Amino acid sequence: MRVIFGMILGSALTIGAAYVHDAMFAPSQASPAPTQTSQRQVVNWDVVNANARIAKSMVREQWDKLQQ
């Protein structure tokens, strides 16, 4: 039962996070389309991949600072 609950909760959190991200970075009608990948909506895997790479590099930088 815990496994099923965890899978449902994980799915809900993933969908909720994508919705919140897309709502925050939705292009307005007055402004032109954003050019940076980090400001585009999460509708394609290339956007997710770019955001994951940015997050991974930030974590590595902080880890390197901690190890020095």
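Keep in mind it's a predicted model, so treat the numbers as computed, not measured.
- Summarising the geometry, atom CG belonging to N49 is positioned 10.0 Å from atom CD1 belonging to I54; distances are rounded to the nearest 0.5 Å.
- Heavy atoms of other residues, nucleotides or ligands lying less than 6.0 angstrom from CD1 of I4 number 12 at most.
- A single hydrophobic cluster is not seen to contain both M7 and I15; linkage of ILVMFWY side chains at heavy-atom distances under 4.5 Å, directly or through other members, places them apart.
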